[in-house]
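To start, I am sharing the structure in question, which I have written as structure tokens.
Sequence lines set the chain letters: A, B, ... in the order given, protein chains first and strands last, and positions in each chain run from 1. Not measured: the values here are computed from a predicted model.
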Amino acid sequence: MAVVNTKFIDDISASGSFNAAACMNCGVCTAVCPMGQDLLPRQLFRYAVIGVEEKILEHQETIFSCLMCRMCEQNCPAGVKITENVRTLRGYINRTVFGLSRV
Amino acid sequence: MALPTKHVLGILVDNLLKRGSVLKLSPRTTVRWAQGLDIPRGGKTVIYTGHMYQLIPAISALATKMAFFENSWITKFFGLGRFANKFINLAWFMAQTDPQETEHYNNILRNITQLLQAAKIDFGYLYEEEMYSGALVHDEGVDDAFEQHAQRVVEVFRRNGVRSVITVDPHTTNMLRSVYPKYCKNYELEVKSYLEVLAESNVEALRPLNLDVTIHDSCVYARYEDVVMEPRQLLTKAGAAIIEPENAGKLTHCCGGPIESFFPGKAQAIAAKRMEQLAATGGNIVAMCPICLVNLKHAAKSMNTDVMDISDYLVEAYCGTDLPGSPHAVHNSDQYNEVVTHG
Ligand code: SF4
Ligand code: SF4
């Protein structure tokens with residue numbers, strides 16, 4: 001059972017740039033990604049949109065191993081800002097897990 | 001496998017805020033490349049290195065001399081903890097850097113300076129006042145620390161009356177041109193990469209490059225900053241024949257570098273895959289980013305080939321400088337000699 005955390009949704013959308021809802025799960029990003037990132041743009045973003053925080057925390061390594069190379073974005077038919085979304089998720093983990101909050 | 005931990009990221013942030021860089025080099029190390037070049041201090045237009053080329057030998061020394069091939073050196077090194085880091089200065093390790101490697105990367109900055117001088121561009125340099133751009137901390141999503149740092153960098157520009165900046169690498173170009181405006185109010189700096197500045201100038205080649213050149217585009221130049229045509233124009237104008245590898249221009253393949261510090265195994269696998277594509281062309285391979293350069297060079301070793309910085313060829317063509325230690329450049333010798341004698 002996935003637990004929805006509304007505070008998590010608020011936090012992610014506060015950045016104003018998280019646009020993962022536009023994703024139509026076509027799989028182009030995974031096909032062109034040099035890392036073969038399967039979970040990241042298609043599944044983890046979706047979990048973030050619906051507020052399943054535990055999935056994000058479970059896959060920290062995936063989130064931090066994106067190259068930020070934008071091969072996916074260059075080819076995404078829905079204009080999802082994939083790298084900016086990855087940065088938003090990293091920022092969330094930095095604050096809530098690593099305690100790297102305000103400086 | 002090493003996850004970036006609280007400590008590692010915390011330390012990068014501490015260093016950025018307290019020392020002005022994720023890995024602090026001594027000021028002497030960062031400005032040494034400019035010795036004897038007579039670049040004026042400050043000015044409306046400045047060359048901005050962002051310390052990227054200068055950082056590479058220090059990172060290599062840390063990664064290799066400390067024998068952290070298997071795991072992430074950064075995690076092991078900083079495994080000492082955030083507290084201990086306050087007493088560690090990277091200057092210690094500078095004594096361990098390979099002088100040849102240092103000379104190589106410093107020389108790239110000298111190439112770029114000579115090229116700009118050949119194009120009659122007027123520019124200064126901020127010397128010790130120049131700072132790292134904060135790119136790594138931005139990519140890792142530590143926005144608060146990044147913002148604070150960016151504002152300090154902008155303050156340096158303001159204090160020196162800088163209006164336009166000539167960058168030497170894609171990451172600093174992207175930060176100063178596209179990212180800083182989102183974090184700093186009233187930001188009006190004009191930012192161009194030296195490749196763009198040269199392509200716009202009417203600099204003429206003194207010696208033709210009778211070479212086949214294979215271009216490795218940087219992801220950041222190609223997909224973030226739309227710098228694709230400039231390196232091609234400059235090489236073609238100098239007489240080189242461009243060979244495009246599989247995955248070129250906007251569809252370039254990453255060198256693996258951005259995750260090198262945290263996931264060296266994965267990064268090296270990506271670099272090897274890219275090197276295979278590049279080597280398959282049979283041309284003289286060039287990169288235009290210090291991170292691409294060091295990662296691909298590493299992967300190239302086991303394939304008995306090498307990668308040059310694009311400026312090494314450009315300086316030969318546009319400034320008539322001999323290519324330092326490039327056994328791989330295969331010239332068409334007859335034509336080459338003819339031009340040299342007439343030159
Ligand atoms: S390419 Fe874009 S639309 Fe397609 S699955 Fe990936 S993020 Fe979604
Ligand atoms: S930016 Fe990340 S997810 Fe997209 S192609 Fe590159 S490594 Fe894959």
Contact class of A:Thr88 relative to chain B, heavy atoms under 4.5 angstrom: neither

A:Tyr47 atom OH, neighbour heavy-atom count above 12 within 6.0 Å: no

Those residues that, when tested against B:Cys219, pass side-chain contact (heavy atoms from CB on, under 4.5 Å) (two or more places apart): A:Cys69, B:Arg223, B:Thr252, B:Cys254

B:Val142 backbone acceptor or donor facing A:Arg90 side chain under 3.5 Å: no

Most chain B-contacting option - heavy-atom pairs closer than 4.5 Å, from A:Pro34, A:Ser65, A:Cys66: A:Ser65

Any donor-acceptor pair under 3.5 Å from A:Asn94 side chain to B:Glu140 backbone: yes

Check ion pair A:Arg87-B:Asp143 (N to O, under 4.0 angstrom): yes

From CG (B:Leu251) to CG (A:Asn75), nearest 0.5 Å: 6.0 Å

Flag side-chain contact, heavy atom, 4.5 Å: B:Ile259 against A:Phe64: no

A:Lys81, NZ: over 12 other non-hydrogen atoms inside 6.0 angstrom: no

Whether over 12 other heavy atoms sit under 6.0 Å from B:Glu155 CD: yes

Closest-packed option against chain B by number of heavy-atom pairs under 4.5 Å, given A:Met71, A:Met68, A:Met35: A:Met71

Heavy atoms from other residues, nucleotides or ligands near CG of A:Asp10 exceed 12 (cutoff 6.0 Å): yes

